[in-house]
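Residue numbers run from 1 in the order of the sequence given.
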Amino acid sequence: MSGTAGIDGGNATYGKKPFKRSRSHFTDRVTADGRDGWPVEPGRYRLVVSKACPWASRALVSRRLLGLEGALSLAVADPIQDHRSWRFTLDPDDRDPVLGIRYLHEAYDARETDYPGGVSVPAVVEVPSGRLVTNDFQQITLDLATEWTALHREGAPELYPSALREEIDEVAEDVYRDVNNGVYRCGFAHEQKTYEDACRALFARLDALSERLANRRYLVGDQITEADIRLFTTLVRFDAVYHGHFKCNVRKIAEDPVLWAYVRDLYQTPGFGDTVDFDHIKRHYYQVHTGINPTGIVPLGPDLSGWLTPHHREQLGGRPFGEGTPPGPPPAAERVPAAGRP
């Protein structure tokens, strides 16, 4: 999610000009062999996220499932940006306690002076130097699954198994184009036809996914993979923000029996729902996107109690963690406050 401009600047232009998602500018990788100059090391890097952001939430879920909390520390930005973008106003003295910075753009500036692009999350920052390593949201989770294996917890699942990668990539590409990015194409559309085309593509893809998941518990294979993580982070936000705020209102996810059961199944799986903060999600979208919600009013609904109701997806079989085991409870400091959960 880009923080290119804050409340006083570009966020007011959303919905008034063509929407195009920026490519990740910093695409170095943290790898086991350190081929880009960034070797995997416990404690060397800090993952910066916003719990409002679906792209950053992918990394949150992956980190939890793989048990990397002790190896890769976490910085959580305030869901409300100002004109300097993501800020650490949730922390004492408005500074990240590890990096010592007030704004994520300071890590970008440490990497590239006068960087002209957007300040986005997720971001991986090297702790000793304070420099940004990567903001490549598509690659970060893949590398957590495949390059950080020496630091995975015992019983960590295979989220990107080699035998399924081609199918995972194919499914994920369709989901990215029509769903992950599709909701933004709807919400930030600046003319009627652009909106209608994006909305029709979105719901056609949701129909196809519903059909695919009708008789199988997960998108690819019989366990959770990267494909499920990428779809989950959009579906979990759908009824709370995309349905109304982004005009994706042909129907709610809760009105599709298959997708509603599927996303509840994942939400109730350790590592998924325990990373979701509905309070951060709603306040960010409704208060920051002033171009499409100029009043900044945050709606009271929807009722969150349904997220904890039985889904019965276990009847389809499948093994959520494959040969692995579920992660333990989140660290106390990372637990979602009561305001953000059912």
Do D256 and S210 have side-chain N/O donor and acceptor atoms under 3.5 Å apart? yes
Check for a donor-acceptor pair, side chain of S85 on one end and backbone N or O of Q81 on the other, with a separation under 3.5 Å. no
Would R165 and D169 count as a salt bridge (charged side-chain N to carboxylate O under 4.0 Å, His left out) here? Give the steps. CA-CA 6 Å; R165 287 180 188 176; D169 291 346; over 6 Å; no
State yes or no: are the ring centers of Y115 and F26 separated by less than 6.0 Å? yes
Do K282 side-chain atoms and D277 backbone N/O form a donor-acceptor pair below 3.5 Å? no
Is there a donor-acceptor contact under 3.5 Å linking the side chains of D33 and T31? yes
R237 side chain near P54 side chain, heavy-atom distance below 4.5 Å: yes
Hey, does the side chain of Y286 reach the backbone of T295 with a donor-acceptor pair shorter than 3.5 angstrom? no
Report yes if some heavy atom in the side chain of R212 is under 4.5 Å from a heavy atom in the side chain of V171; otherwise report no. yes
Cut-off 3.5 Å, no hydrogens considered: what does the side-chain donor-acceptor table look like for residues 331-340, sequence neighbours left out?
unit_1, atom_1, unit_2, atom_2, d
E334, OE1, R63, NH1, 3.0
E334, OE2, R63, NH1, 3.4
E334, OE2, R63, NH2, 2.8

Taking the six-membered ring for Trp and the full ring for Phe, Tyr or His, determine whether the centres of H289 and F188 are under 6.0 Å apart. yes
Decide yes or no for V258 and R313: does some side-chain heavy atom of the first lie under 4.5 Å from some side-chain heavy atom of the second? yes
L316, V220: one ILVMFWY side-chain cluster at the under-4.5 Å cut-off? no
Residue pair A198 / C186: nearest heavy atoms and the distance that separates them: C-SG, 3.6 Å
Salt bridge (charged side-chain N to carboxylate O under 4.0 Å, His left out) between R95 and E106: does it pass, once the steps are laid out? CA-CA 11 Å; R95 289 184 184 274; E106 296 174 57; 5.2 Å; no
With side chain to side chain contact (heavy atoms under 4.5 Å, CB included) as the test, would you mind laying out the steps for V298 and Y285 before giving the verdict? CA-CA 9 Å; V298 180; Y285 281 89; over 6 Å; no
Would you call R217 and D222 a salt bridge, taking side-chain N to carboxylate O under 4.0 Å as the test? no
Taking atom CG of L159 and atom CD1 of I224, what is their separation to the nearest 0.5 Å? 8.0 Å
Any idea which heavy atoms bring P157 and L65 closest together, and the distance? CD-O, 3.3 Å
Contact check, side chains of L202 and C248, non-hydrogen atoms, under 4.5 Å: yes
Salt bridge present between D36 and R29 (N-O < 4.0 angstrom): no
Report yes if some heavy atom in the side chain of F232 is under 4.5 Å from a heavy atom in the side chain of R58; otherwise report no. no
Tell me the closest heavy-atom pair linking I168 and P161, and the distance in Å. CD1-CD, 4.0 Å
How far apart are the C-alpha atoms of S120 and N135, what are their side-chain angles, what is the distance that settles it, and do they pass the side chain to side chain donor-acceptor pair (under 3.5 Å) test? CA-CA 7 Å; S120 63; N135 67 344; 3.2 Å; yes
In Å, rounded to the nearest 0.5 Å, how long is the span from SG of C53 to CH2 of W86? 6.0 Å
side-chain contact (heavy atoms from CB on, under 4.5 Å) partners of A110, counting only residues at least two apart: R131
Between R111 and S129, do the side chains contain a donor N or O and an acceptor N or O under 3.5 Å apart? no
Between the main-chain N or O of T225 and the side-chain N or O of D228, is there a donor-acceptor pair closer than 3.5 Å? yes
Under a plain distance cut-off of 3.5 Å, with no hydrogens placed, do Q139 and T27 share a side-chain donor-acceptor pair? no
Any donor and acceptor pair, going by atom type alone, linking the side chain of D239 with main-chain N or O of I253 inside 3.5 Å? yes
So, T309 and R264: side-chain donor and acceptor under 3.5 Å apart, yes or no? yes
Whether E147 side chain and A32 backbone form a donor-acceptor pair below 3.5 Å: yes
Heavy-atom side-chain proximity of W307 to Y267 below 4.5 angstrom: yes
Within this structure, what is the CG-CD1 distance for the pair L90 and I80, rounded to the nearest 0.5 Å? 10.0 Å
I'd like to know if the side chain of T146 reaches the main chain of L142, judged simply by a donor and an acceptor atom lying under 3.5 Å from each other, with no hydrogens or angles considered. yes
Which residue pairs satisfy the side-chain hydrogen bond (donor to acceptor under 3.5 Å, both in side chains) criterion with at least one member in residues 64-77, sequence neighbours excluded? R46-S73, R64-E69, R64-D274
Do I292 and Y195 belong to the same hydrophobic cluster, where Ile, Leu, Val, Met, Phe, Trp and Tyr are linked whenever their side-chain heavy atoms lie under 4.5 Å apart, directly or via other members? no
Look up atom CD in Q223 and atom CD in E158, then write down how far apart they are to the nearest 0.5 Å. 7.0 Å
Near K252 NZ, under 6.0 Å, is it more than 12 heavy atoms from other residues, nucleotides or ligands? no
Quick check: Y262 with Y218 (ring centres under 6.0 Å apart)? no
Looking at OG of S62 and CD1 of I229, how far apart are the two atoms once the value is rounded to the nearest 0.5 Å? 3.5 Å
If you count every heavy atom of other residues, nucleotides or ligands that lies below 6.0 Å from N215 atom CG, does the total exceed 12? no
Check whether any side-chain N or O of R216 sits under 3.5 Å from a backbone N or O of L219 as a donor-acceptor pair, and report yes or no. yes
Distance (rounded to the nearest 0.5 Å) between L72 CG and L144 CG: 6.5 Å
Criterion side chain to side chain contact (heavy atoms under 4.5 Å, CB included) on N293 and H245, from CA distance to verdict: CA-CA 8 Å; N293 188 40; H245 184 57; 3.7 Å; yes
Evaluation steps, side chain to side chain contact (heavy atoms under 4.5 Å, CB included), between Y45 and V30: CA-CA 9 Å; Y45 306 98; V30 179; 3.7 Å; yes
Y103 and F88 aromatic centres sub-6.0 Å: no
Residue pair W260 / H311, side-chain heavy-atom distance below 4.5 Å: no
Start with the C-alpha gap between T134 and D136, add the side-chain angles, then the distance that decides, and say whether side chain to side chain donor-acceptor pair (under 3.5 Å) holds. CA-CA 6 Å; T134 178; D136 189 349; 5.1 Å; no
Provide the closest heavy-atom pair for A59 versus I140 in the form atom of the first, atom of the second, distance. CB-CG2, 4.4 Å
Do side-chain atoms of R87 reach the backbone of A77 as a donor and acceptor pair under 3.5 angstrom? no
Just by modelled atom types, is the P79 backbone N or O under 3.5 Å from a matching donor or acceptor in the H284 side chain? yes
Does R230 come within less than 4.0 Å of E226, counting only side-chain N to carboxylate O? yes
Please determine whether a side-chain nitrogen of the Lys or Arg among K193 and D197 lies less than 4.0 Å from a carboxylate oxygen of the Asp or Glu. yes
Just so I know, are the side chains of V124 and L132 near enough to count as touching, which here means a heavy-atom distance under 4.5 Å? no
Pair T234, N180: side-chain N/O donor-acceptor within cut-off below 3.5 Å: yes
